[in-house]
Every structure is written in structure tokens, then in C-alpha cells.
**Q** 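Quick one: structure below, then a few questions.
All residue numbers refer to positions in the sequence shown, counting from 1. Values reported hereafter were calculated over all heavy atoms of this structure, with side chains retained and with hydrogens, waters and symmetry mates removed. Both ligands and their constituent atoms are indexed starting at 1 by order of listing.
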Amino acid sequence: MNYQGTLETPVGPRVRIDGKEYDYFCGTSYYCLHGDRRIIEAACKAAEQYGLGPATSWDVPPLQEVEARAAAFFGTTHAHYFVTAYLGTFYLVTALQDEFDIIFVDTKSHYSVFDGIKGVGKPIVLFAHLDPDDLAQQLQKHLKAGQVPLVITDGVFPMTGAMAPLRDYQSILQKYDKYFLCVDDSHGVGVLGANGRGSCELHGVMGDSVYFCGTTSKAFGSFGGIIPGDTVLMGKIFRNVRVTLGASPPPVPAAAAAAMGIKILSEEPELRAMLARNVAYLRKKLQAIGLPIQNSPVPIIILYSLPSVDLAAVQRFLEEQGIMVRYIPPRGYSDAPDSDAIKITIFAQHTVEQLDRLVEVLSRAL
Ligand SMILES: Cc1ncc(COP(=O)(O)O)c(C=O)c1O
């Protein structure tokens, strides 16, 4: 696969692609930790000491450390670390499979959510994207007396950066005796909420009946999925999700890197403050040139198609000027809109000069 040329440096605010330097506004490494020396060194040291991994065994310190650090970060007693957050919702719904009757899913949820919920063989009902009223209607229409719903959605949608209205969903669900609210928060963890715990923290929906999975492959600068929780949830995961028994754990250097990424974000809250500052700044600057950009703490900005503007040409113009953003074709990803768009990712390490130049070049291109 080759989307936009070959990257020749670690991801950062400035990268080299096919021999040319760019200001880089793509990807999901919101703190550029994938290229951080401490993370690279942690991975190398673990590789030297333990090799790639212990095959199917889990008794290696970096694998234990990443789970302990994740639990501390998310304020839970435990966490489970696994090979990709793509499996995160599969883990959650499979762990809970004996306790609910019908799955209600946002129509634009990530591919991983749809693939994950298929495995449990329960009825699946779609509700309109980001729409609590439609969720309420679908619940009313499909649930019989005594049946338990499980609602599942992305916390932050990867292309548009839209945030699921989790508080509204929970208010609706609280009318039922028992419910589950499950969130794929791959883009929220490490970024949103007072402690960086993600969308559930931001929207105040932590607690019983609410479960989420995240990734260490984006904000935390490494690789691998994570599910924080208590012993009860961990018990259900190990009882019901056979991947935990039948597959090798993630590579040990990745675990060591993930542990280091969580450590860095725990100990350096200023990184989250830098990102929040950049997000607010760029959103305001884009609003000032007349673009319909919403206020939001999410470091993903989408430029929807505009009348008589060729967004593919805009992306090419920016690239010629040494600025890399991502062009999204119509329906080009799980939550991508029906018409084309441009996605801009903001990093904590972008300088004000880079943000200003992006806006200036973009305003010339539009
Ligand atoms: C919403 C969402 N869930 C899950 C994943 C998979 O996460 P990972 O990077 O851990 O494979 C992605 C990847 O981009 C994603 O955007």
C-alpha cells in the first residue's frame, strides 16, 4: 500500500517523503511519540533483552508493565493489552456476550466495530449517525420487555473527528434496567478528558455499564490495543475471548514502547496542553478565513467539499507548497462523507508558524 509516497523519517511535524521535506498534517500520532528517542530506545532494549517475544507465553516484564501502566493511566485496577485495537470491540462484545440481547450500532462506526460485532451472532440494529433521537426510537422499536441492549459506537470518528454524544446515549439507556454502552475510543484515549482517559471521561460517562477500548498505536506512540477495566471484565475477557488463549501476545518491543508511551503521557501533561492549544488555535484560524469549522478538542479537522472547489487539486497544491494533508475520496473510509473531503491532523509539536502557513496556503488554494 502506498497512499502518499514513502515516508523516510519518523512521523513528526516535519517529515521527508520520497526525498522531499514536508510540514506534515496526516496520520494519528498526535504527540509524535512514534519517533521519540525514549520510545525507540525502550523498544530496542526490549528486543535485545527478550527478542521479539515469548511466542505464546505472556510472562515477560514489558507485557506486564504495559498493562499495569495502562490501568494506572485509566484509573482502573486492570487493563488488557492485545495486538490491535481493531479487535477491541470484538473483545468487548464477546466478553459481554451472555448478558445482552440486541446490539445497536451507529451506522458510520469504524470497520472494526462492524467486524467485531458480527462474531457474537446477536441481532444488530443500526441507528442514524450521531443521533440520540434515532437511537431512542430504535431501542423502543426493537427491544422486548426484559431484553438488554448493547449500544456501540466510535468515541471519536476517525475521518470527520465528530464526537459521539455519549452523555445523551447514556441518558436514554438509563431508562432501561440493564444496558451496556461500548465505545471504540482509539482516537480519544490519550487526548480527551481531564486526564487524557478519552471520550468517556470527557463526556462524564465513566462507570458501571460503560466499557471502552483504545489503542496505544496513535496518541501513545507505539502499537497495540488496550482495554482498561476491573477484575470482573478481565475474567469475562479471558473466559469468552479465545484470542487471549489461542494467539501470541503483541511483540515485546511494541509492549515496551507502549509502556514508555503511557509513562510519557502520564508524566508530561504539558503535551496534552500543547495539543489542546494547537487544536484551538488552528480551528480559530480556519474559522477566520470563513471555513465552517466547529469548536472541538479533537485534533482531526475535516474540510468538507465546497461548491466549485476541487479538493483533490487543493491537496496537490498544498503538497507542491511542502504541506501534506490527506485527501479523502467520497466514502473513502468508514465515516468519510459521501462527497470528497480533506483531513487535517494536528500534532502537539506543530509550531504556530506551521499552523499559520497551512492556513495561508490553504486560503490561497480555496
Ligand atoms: C476507530 C478505530 N478503531 C480501531 C482502529 C485500529 O486501531 P490500531 O491502530 O490499534 O490497529 C482504528 C485505526 O485506525 C480506528 O480508527
**Q** Closest non-hydrogen protein atom to atom 13 (C) of ligand 1, residue and atom name please, with distance?
**A**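 The protein heavy atom lying closest is Lys218 NZ, 2.9 Å.
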**Q** Can you tell whether the side chains of Arg364 and Glu360 come within less than 4.0 Å, N to carboxylate O?
**A**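 Looking at Glu360 together with Arg364, the answer is yes, because their closest N to O distance falls below 4.0 Å.
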**Q** More than 12 foreign heavy atoms under 6.0 Å from CD of Glu267: is that the case here?
**A**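 Count over threshold, so yes.
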**Q** Please identify which atoms of ligand 1 are closer than 4.0 Å to at least one heavy atom of Asp154.
**A**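 Going through ligand 1 atom by atom, the ones under 4.0 Å from Asp154 are 1 (C).
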**Q** Tell me which protein heavy atom sits closest to atom 11 (O) of ligand 1, plus the residue, atom name and distance to 0.1 Å.
**A**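 That would be Thr84 OG1, 2.6 Å.
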**Q** Would you confirm whether Asp134, through its side chain, and Phe127, through its main-chain N or O, come within 3.5 Å as a donor-acceptor pair?
**A**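 No; zero donor-acceptor contacts below 3.5 Å.
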**Q** With a 4.0 Å cut-off on heavy atoms, does Phe82 reach ligand 1?
**A**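 The answer is no: ligand 1 sits nowhere under 4.0 Å from a heavy atom of Phe82.
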**Q** Under 3.5 Å, side chain of His34 to main-chain N/O of Ser222, donor-acceptor pair present?
**A**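 Flag set: sc His34 to bb Ser222 pair under 3.5 Å.
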**Q** Which one holds for Ala85 and ligand 1: side chain close, backbone close, both close, or neither close, with close meaning a heavy atom under 4.0 Å?
**A**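 The answer is both, backbone and side chain.
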**Q** Atom 6 (C) of ligand 1: which protein heavy atom is closest, and how many Å away?
**A**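 For atom 6 (C) of ligand 1, the nearest protein heavy atom is Tyr86 N, 3.5 Å.
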**Q** Can you name the atoms of ligand 1, numbered from 1 with element, that are less than 4.0 Å from a heavy atom of Tyr333?
**A**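 Under 4.0 Å from Tyr333, ligand 1 has these atoms: 14 (O).
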**Q** Number the atoms of ligand 1 from 1 as they appear, then name those within less than 4.0 Å of a heavy atom of Pro158, with their elements.
**A**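 Reading through ligand 1 atom by atom, the close ones are 16 (O).
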**Q** Heavy-atom contacts with Ser217 under 4.0 Å: which atoms of ligand 1 show up? List them by number with element.
**A**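 Counting atoms of ligand 1 from 1, those under 4.0 Å from Ser217 are 9 (O), 10 (O).
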**Q** To the nearest 0.1 Å, how far is atom 12 (C) of ligand 1 from its closest protein heavy atom, and which atom is that?
**A**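 The closest one turns out to be His110 CE1, 3.5 Å.
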**Q** Could you tell me whether Lys108 sits above the aromatic face of Phe157, with NZ or CZ closer than 6.0 angstrom to the six-membered ring centre and within 45 degrees of the axis?
**A**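 Geometry flag: not set, cation outside 6.0 Å or 45°.
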**Q** For atom 16 (O) of ligand 1, which protein heavy atom lies nearest, and how many Å away is it?
**A**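 The closest one turns out to be His187 NE2, 2.7 Å.
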**Q** So, for Ser334 and Pro158, which heavy atoms are closest and what is the spacing to 0.1 Å?
**A**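 Looks like OG-CG, 4.1 Å.
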**Q** Has Asp185 got a side-chain atom pairing as donor or acceptor with Ser199's backbone, closer than 3.5 angstrom?
**A**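 Judged by distance alone, yes, a pair lies under 3.5 Å.
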**Q** Under a 4.0 Å threshold between the charged nitrogen and the carboxylate oxygen, would Lys178 count as salt-bridged to Glu99?
**A**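 Yes, charged N to carboxylate O under 4.0 Å.
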**Q** Any nitrogen or oxygen of Ser186, side chain or backbone, less than 3.5 Å from one on ligand 1?
**A**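 Indeed, backbone or side chain, Ser186 has an N or O that close.
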**Q** Which of the numbered atoms in ligand 1 are below 4.0 angstrom from a heavy atom of Asp184?
**A**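 Listed by number with element: 1 (C), 2 (C), 3 (N), 4 (C).
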**Q** State if Ser112 counts as touching ligand 1 under the rule of any non-hydrogen atom under 4.0 Å.
**A**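 Contact present.
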**Q** Need the ligand 1 atom indices (1-based, order shown) with element for anything under 4.0 Å from a heavy-atom of Thr215.
**A**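 The list of qualifying atoms is 8 (P), 9 (O), 10 (O).
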**Q** Is a donor on one side and an acceptor on the other found under 3.5 Å between the side chain of Asp154 and the backbone of Ser109?
**A**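 Between the backbone of Ser109 and the side chain of Asp154 there is no qualifying donor-acceptor contact (under 3.5 Å).
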**Q** Examine distances only and state if a side-chain atom of Gln287 and a backbone atom of Pro292 form a donor-acceptor pair shorter than 3.5 Å.
**A**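 The answer is no, because no donor-acceptor pair under 3.5 Å joins these two groups.
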